[in-house]
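Atoms within a ligand are numbered from 1 in the order they appear, just like the ligands themselves.
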Amino acid sequence: MPSVLIVGAGFGGIAAAIELRRAGFTDVTVLERGETLGGVWRDNTYPGAGCDIPSPYYSFSFEPNRSWPLRFSLGPEIMAYLSRTAAKYGVRPRYGVTVTGAEFRSGRWHVSTSAGPFTADVLVPAVGQLSEPYVPNLPGSFVGPAFHSARWDHSVSLAGRRVAVIGTGASAAQFIPHVVREAAAVTVFQRSAPYVLPKPDVEYRPWQHRLFPLERAFFWGLLEVTTLGIQGNRAVTKAVALLASRHLRRQVPDPVLRAKLTPDYPIGCKRVLFADDYYPALTRPHVHVSTVEVDALTPSGVITTDGELHEVDVLVYATGFRTTDFLSTLSIHGPGGDLSERWADGASAYLGMAVPDFPNMFMMYGPNTNLGSGSIVYMLERQARYLRQAVELLADGASTLDVRPDVAHRYDLELQRRLAGTAWASCRSWYRTDSGRITNNWPGLVSEYDRRTRTLSPADYRVTA
Ligand code: NAP
């Protein structure tokens, strides 16, 4: 029976381990550098951290949670669900083990870790796209407390203090409403304004729990339709943009602030946010939105490019993650060389999972599998299903599986051609490398991904016996 080593115990790693265990593969090791499972849900403990994808859809199809309290669950609830689910299926990661590299030698993966070497037949990197915080390298230094949103320092009290927030993405939009309640003054440094839609949250009543299958199907369909907008459907884009501008008009009466908060790029290019409390937070008298670019830090605050010094007591970076440096914390060496060299011009992988010359390696949440609209958990389930078929082929006698270069190349050309026609090609975002290649997002509907990953075709692979 093939042995499988999974790196990371977030939703991806846990999804992979459960699928393999359910199929009867028991030699599955999950190594996790943290002290608990959960990935982004463990790391992001900022006030208000939650998921803006409805919970009945942001969960495994085989493990519906019949008691989500809110439609848009908060982090602790999602963590509890993932822990419970992992335990139920017998997945017990080894914690506090940092994987540093892996080399494919003599038909097996030799994995280096902080707890010594491991070997396995199959390597499954499941380290996520949003696990390495990005902090801009600004000149100067600030003497007060400063931290990234994904490393929230709960020992720092914000009560009565002046707080600077750099960045206005999905994380900032969730914690700013909480910060403004406590802080004496808040300056939000916005480089680009996000599109914000109303968030139809619901505190579920017990009878509504019975409707979760329906709700799951409804949001699956709705998010497929909004994806059509990202793909270029003008009617959808217009409808969603109208909703966003109405939300802004209703919630921000001041025309000067409203002008600042009006995005200057096509809708869908960056992640569209769902929030009812973000705009109202920005209208509070002690909150200031600065749209002048941040230039440098001083011991007492932030200087913008117009030379103004914004004096603050605490600095919060909501500046996102190193998203295009896939697997940058691992040094992976296959028969074809180093993966980082292979990906020097941007990461790519067949179906987001397999790379030529890196046999028996299948990634979870790899290149071009992120969504602009949809549930990543749905995608992870499909990847786990595909991985399981690869492991079945190995169990049936194959010794290596290596995606054919022509198959991977054709696939990549197709993806890049399609991505060039999407909203994502129209602005800078975390989905693209500096050179403009879109490395993170899947161009199609999730139903297409489901179809294309349903059956692993051995013809796509170089299979050795
Ligand atoms: P993000 O979306 O990458 O946002 C980073 C923000 O920082 C952007 O506003 C960016 O501006 C700004 N920024 C970066 N560098 C800057 C600099 N040097 N100076 C000024 N501003 C700078 O990161 P995030 O908010 O942490 O969210 C990341 C992703 O996590 C989301 O897109 C989403 O997929 C996921 N997420 C999901 C949820 C959910 O509810 N499902 C919640 C939180 C996060 P520009 O836009 O101009 O680059």
Side-chain angles (χ1 to χ4, degrees), residues 10-11 39-41 43-55 57-59 70-75 77-78 128-139 147-152 164-177 187-197 199 201 219 223 230 261 263-265 268-278 289-297 302-305 310 315-324 365 369-379 424 426-432 434 440-442:
F11 255 99
V40 289
W41 297 111
D43 292 345
N44 287 271
T45 61
Y46 59 74
C51 188
D52 62 9
I53 300 297
S55 298
Y57 185 26
Y58 193 84
S59 37
L70 296 173
R71 176 176 285 153
F72 298 100
S73 290
L74 297 174
E77 199 64 46
I78 298 170
Q129 296 190 7
L130 301 163
S131 49
E132 301 301 317
Y134 165 72
V135 175
N137 189 12
L138 295 166
F147 50 86
H148 187 274
S149 56
R151 301 286 181 273
W152 197 271
V165 177
I166 303 180
T168 52
S171 302
Q174 290 186 340
F175 72 70
I176 285 173
T187 306
V188 176
F189 294 95
Q190 173 192 273
R191 191 165 66 180
S192 3
Y195 283 92
V196 183
L197 292 174
K199 184 172 172 180
D201 208 355
F219 281 109
L223 295 176
I230 295 172
L261 300 177
D264 62 356
Y265 55 88
C269 180
K270 293 172 195 260
R271 178 70 150 68
V272 174
L273 313 183
F274 298 85
D276 290 339
D277 52 359
Y278 177 60
V289 177
S290 167
T291 53
V292 185
E293 188 117 355
V294 170
D295 194 31
L297 302 178
V302 175
I303 298 185
T304 39
T305 50
H310 304 260
L315 174 54
V316 184
Y317 292 99
T319 40
F321 299 85
R322 296 194 175 279
T323 52
T324 54
Y365 198 20
T369 59
N370 182 57
L371 303 172
S373 162
S375 169
I376 294 302
V377 178
Y378 180 95
M379 298 291 276
W424 296 315
S426 58
C427 74
R428 177 182 66 176
S429 73
W430 69 258
Y431 309 139
R432 308 179 82 181
D434 290 343
N440 293 67
N441 288 359
W442 167 247

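Aromatic ring centres of Phe147 and Trp152: separated by under 6.0 Å. Ring centroid separation for the pair His148 and Tyr134 does not come in under the 6.0 Å cut-off. Annotation: Phe274 is not in aromatic contact with Tyr195 [ring centroid separation under 6.0 Å not met].
For Tyr46, every heavy-atom contact with ligand 1 shorter than 4.0 Å involves the side chain, none the backbone. The proximity of Phe321 to ligand 1, defined as any non-hydrogen pair under 4.0 Å, is limited to the side chain. When heavy-atom distances to ligand 1 are checked against a 4.0 Å cut-off, Gln190 has no atom that comes that close, whether in backbone or side chain.
Which parts of ligand 1 touch Tyr134 is read off a 4.0 Å heavy-atom cut-off, strictly below it: atoms 15 (N). Contact atoms of ligand 1 toward Gly167: 6 (C), 7 (O), 9 (O), 12 (C) (distance under 4.0 Å to a heavy atom of the residue). Near Lys270, meaning under 4.0 Å from one of its heavy atoms, ligand 1 places the atoms 45 (P), 46 (O), 47 (O), 48 (O). Of all the atoms in ligand 1, the ones that sit under 4.0 Å from a non-hydrogen atom of Ala170 are 25 (O), 31 (C), 36 (N), 42 (C), 43 (C), 44 (C). Of all atoms in ligand 1, listed by their number and element, those nearer than 4.0 Å to a heavy atom of Ser171 are 24 (P), 25 (O), 26 (O), 27 (O), 43 (C), 44 (C). Those atoms of ligand 1 that come under 4.0 Å of a heavy atom in Arg271, given as number and element, are 32 (O), 33 (C), 34 (O), 37 (C), 39 (C), 41 (N). Heavy-atom proximity to Pro136, at under 4.0 Å, picks out these atoms of ligand 1: 18 (N). Each of the following atoms of ligand 1 lies closer than 4.0 Å to a heavy atom of Ile166: 19 (N), 20 (C), 21 (N).
Residue Ala318 holds the heavy atom nearest to atom 5 (C) of ligand 1 of all those in Ser375, Ala318, Ser290, Gly75. Of all the listed residues (Arg191, His148, Gln174, Gln129), Arg191 holds the heavy atom that lies closest to atom 11 (O) of ligand 1.
Annotation: atom 40 (O) of ligand 1 to nearest protein heavy atom, Asp52 N, 2.8 Å. Closest to atom 45 (P) of ligand 1, if we only count protein heavy atoms, is Ser192 OG, 3.1 Å.
No heavy atom of Ile53 sits closer than 4.0 Å to any atom of ligand 1.
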